[in-house]
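Notes follow the structure.
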Amino acid sequence: MCAYVVVAEDDKKQAELVRRYLEREGHDVVVVHDGRAALEQVRHRPPDLLVLDVMMPKVDGLDVCRILRTESDLPVLMLTARSTEDDLLLGLDLGADDYMTKPFSPRELMARIRSLLRRSARTVAAAPAPDPVLTVGALRVDPGRHEVWAHGRRIECTPGEFRLLEVLAERPGQVFTRAQILEQLHGFDRYITSRTVDVHVMNLRKKIEPHPRRARTLVTVYGVGYKLADGEAAGAGTGAGAGEGGARGDGGGSGGAEGGFRVA
């Protein structure tokens, strides 16, 4: 699969290395060295994928990702020297589709790029058939328009948050473990932790629940995981702690996450 890829990386040697590997696989590549140039290039000619460094001059990668997520669903793979779990979660929360820390293996980078391009191609291929609007209580998830409405208000969601709601809304009332949700969000990527789900849930509750600490729609089923429930019946079996920060997921609290990710 040949694609058009923009690489935004201020380290010119690093950028050249990524460019060579991409061109070796037949991709069309444009390299820029600061965040402002990345935004201009993406807007001028939308790519199939953006490889985005976090630490860049003028506009950093996190702000680039935040801005682009208000404009498009462009696949974004972030590169960064920051290696804590909080940094990873922040990147994903802002809408990155994948995240790698430096130093990284070029072969692993290419494998992740191939995975993102395949996933994006499948989404495009499935686009002609409009998806039905999914309604659960006061929540409406519109996959075709990529919109979420709660209590009559349109809600802005990151791609990860939207996909989580879509998965749950397709089977209202069914309980999903964090492992099952992660599989839907990121496939079998062993570098993404179950803590990611907790972060998405916490942020979504702030957006869709009138009282996030007393969640009635996106609820926790203790010892199992999460489900979407009609607000009238949501309280059953979840307890008052089903709100923000109360998730214990599938057999453990957020401290039981799989423990960060590997630096290649």
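Below, each value reflects all heavy atoms present in this structure, side chains not excepted, and no hydrogens, waters or symmetry copies.
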Value rounded to 0.5 Å, distance of [atom1] in [X] from [atom2] in [Y]:
{"X": "Lys206", "Y": "Ile155", "atom1": "NZ", "atom2": "CD1", "answer": "14.0 Å"}
{"X": "Leu62", "Y": "Thr80", "atom1": "CG", "atom2": "OG1", "answer": "7.5 Å"}
{"X": "Leu116", "Y": "Asp97", "atom1": "CG", "atom2": "CG", "answer": "6.0 Å"}
{"X": "Cys157", "Y": "Leu204", "atom1": "SG", "atom2": "CG", "answer": "5.5 Å"}
{"X": "Arg20", "Y": "Glu25", "atom1": "CZ", "atom2": "CD", "answer": "15.5 Å"}
{"X": "Met100", "Y": "Ile113", "atom1": "CE", "atom2": "CD1", "answer": "8.5 Å"}

Testing the basics here: between [X] and [Y], what is the closest heavy-atom pair and its distance to 0.1 Å?
{"X": "Lys227", "Y": "Gly173", "answer": "CD-O, 3.5 Å"}
{"X": "Pro132", "Y": "Pro143", "answer": "O-CD, 3.4 Å"}
{"X": "Glu209", "Y": "Thr217", "answer": "OE2-N, 2.9 Å"}
{"X": "Gln14", "Y": "Glu9", "answer": "CG-OE1, 3.8 Å"}
{"X": "Val141", "Y": "Ala169", "answer": "CG2-CB, 4.2 Å"}
{"X": "Pro57", "Y": "Asp34", "answer": "O-CB, 3.5 Å"}

Answer yes or no: is there an ion pair linking [X] with [Y], defined by an N-O contact shorter than 4.0 Å?
{"X": "Arg69", "Y": "Glu156", "result": "no"}
{"X": "Glu161", "Y": "Lys207", "result": "yes"}
{"X": "Glu108", "Y": "Arg112", "result": "yes"}
{"X": "Glu166", "Y": "Arg163", "result": "yes"}

Could you please spell out the steps behind the side chain to side chain contact (heavy atoms under 4.5 Å, CB included) verdict for Leu164 and Val197? CA-CA 8 Å; Leu164 188 153; Val197 175; 4.2 Å; yes
Do [X] and [Y] come close enough that some side-chain heavy atom pair is under 4.5 Å?
{"X": "Tyr4", "Y": "Arg45", "value": "yes"}
{"X": "Leu109", "Y": "Leu77", "value": "yes"}
{"X": "Arg43", "Y": "Ile67", "value": "yes"}
{"X": "Pro47", "Y": "Val42", "value": "yes"}
{"X": "Thr135", "Y": "Val133", "value": "yes"}
{"X": "Arg19", "Y": "Val5", "value": "no"}
{"X": "Leu17", "Y": "Pro106", "value": "yes"}
{"X": "Glu40", "Y": "His44", "value": "no"}

Are Leu168 and Trp149 joined in one hydrophobic group, where the rule is that I, L, V, M, F, W and Y side chains link up if heavy atoms are under 4.5 Å apart? no
Sorted by chain and number, sequence neighbours left out, side-chain contact (heavy atoms from CB on, under 4.5 Å) with Val59 holds for Arg36, Asp63, Val64
Neighbour count >12 (heavy atoms, 6.0 Å) for atom CE, Met110: yes
Under a plain distance cut-off of 3.5 Å, with no hydrogens placed, do Arg66 and Thr158 share a side-chain donor-acceptor pair? no
Answer yes or no: is there a donor N or O on one side and an acceptor on the other, between the side chain of Asp53 and the main chain of Ala8, under 3.5 Å? no
Kindly say whether Ala38 contributes a backbone atom to a donor-acceptor pair with the side chain of Gln41 at under 3.5 angstrom? no
Go through it in stages, so that I can follow the logic: the residues are Leu165 and Arg140, the test is side chain to side chain contact (heavy atoms under 4.5 Å, CB included), and I'd like the CA-CA distance, side-chain angles, deciding distance and then a yes or no. CA-CA 10 Å; Leu165 284 179; Arg140 293 176 59 242; over 6 Å; no
Side chain to side chain contact (heavy atoms under 4.5 Å, CB included) between Val32 and Val7, intermediate numbers included: CA-CA 6 Å; Val32 296; Val7 177; over 6 Å; no
Stepwise side chain to side chain contact (heavy atoms under 4.5 Å, CB included) test for Val167 and Phe176: CA-CA 9 Å; Val167 168; Phe176 289 80; 3.9 Å; yes
For the ring pair His146 and Phe162, is the centre-to-centre distance below 6.0 Å? yes
Among Leu52, Val54, Val51, find the residue that satisfies the side chain to side chain contact (heavy atoms under 4.5 Å, CB included) test when tested with Leu79. Val51
Is the Lys NZ or Arg CZ of Arg178 less than 6.0 Å from the centre of Tyr226's six-membered ring, within 45° of the axis? no
